[in-house]
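First up is the structure itself, then whatever we jot down about it.
For the single chain, residues carry numbers from 1 onward in sequence order. Since the structure is predicted, the reported quantities are computational estimates derived from the model, not experimental observations.
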Amino acid sequence: YFSALLSFILLSSSHIASETVLYYTSINFRQYIILLEDKCMKRIKVLGSVLKRTRADKIIIGFIVFIFAIAAVIQLVEPDINRYGDALWYCYAVISTAGFGDVVAVTFIGKMCSVLLTIYSLFVVAIATGVVVNFYTQMVEMQRKETLAMFMDQLERLPALAGHGLYYQRQRLTCKQ
């Protein structure tokens with residue numbers, strides 16, 4: 001779940017990075033790197049605020065702790081699962097709904113732990129989906145505001161460009177003809 005979220009962050013930052021290159025063509029490489037770092041930090045801050053606002057960070061941490069606790073219980077109650085690594089493997093098979101069949105729960109407590117883990121994982125997937133949508137919405141809004149700010153900056157510099165920049169553009173065009 002988290003690798004999909006991370007790849008989404010990287011893809012959205014690469015799209016905005018291409019717009020940054022178009023807008024900031026007159027700056028040097030070091031300034032460009034600083035701008036990219038600033039953009040990535042903004043995205044991480046937005047993701048952090050979305051996680052805190054939705055309390056998804058606590059749910060995810062609770063889920064991880066729950067997985068390790070259930071693995072410990074499974075190891076204690078299941079006769080065929082003797083190692084903690086096998087219990088974690090069983091928990092992975094339950095969460096991913098793969099059900100490999102190499103390790104199965106045979107006791108009532110083991111089966112109940114499996115059901116609880118499955119239900120909890122469904123809730124975490126639903127919450128992660130909502131967090132990704134909320135993050136994407138925040139990023140689109142931030143991009144809209146940045147685009148508007150760039151447009152307003154260009155409008156404010158229009159008189160300077162009109163006097164000096166347009167003269168050179170006209171000269172360049174008339175020399176080509």
Quiz item: Do you know which two heavy atoms are closest between Ser114 and Ala105, and how far apart they sit?
Solution: OG-CB, 4.2 Å
Quiz item: Considering all heavy atoms of both residues, which atom of Ala87 and which atom of Ile81 are nearest to each other, and what is their separation?
Solution: N-CG2, 3.6 Å
I want to check something: taking the side chain as every heavy atom from C-beta on, are [X] and [Y] in contact at a cut-off of under 4.5 Å?
X      : Y      : value
Thr107 : Lys111 : no
Lys145 : Glu141 : yes
Ile95  : Tyr120 : no

Taking a hydrophobic cluster as the set of Ile, Leu, Val, Met, Phe, Trp and Tyr residues connected by side-chain heavy atoms closer than 4.5 Å, whether directly or through intermediates, do [X] and [Y] fall within one such cluster?
X      : Y      : value
Met112 : Val103 : no
Val94  : Leu116 : yes
Val133 : Val131 : no

Under 3.5 Å donor-acceptor pairs involving side-chain atoms of residues 59-77, not counting sequence neighbours:
from  : atom 1 : to    : atom 2 : distance (Å)
Gln75 : NE2    : Asn82 : O      : 3.2

Exercise. Taking salt bridge (Lys or Arg N to Asp or Glu O under 4.0 Å) as the test, write out the residues that go with Arg83, two or more places apart.
Key: Asp86
Quiz item: Yes or no on side-chain contact (heavy atoms from CB on, under 4.5 Å) for Trp89 and Asp102, after CA distance, side-chain angles and deciding distance?
Solution: CA-CA 10 Å; Trp89 175 254; Asp102 56 346; 3.1 Å; yes
Quiz item: Residues two or more places apart in sequence or in another chain: which of them pass ring-ring contact (aromatic ring centres under 6.0 Å, His included) with Tyr84?
Solution: none
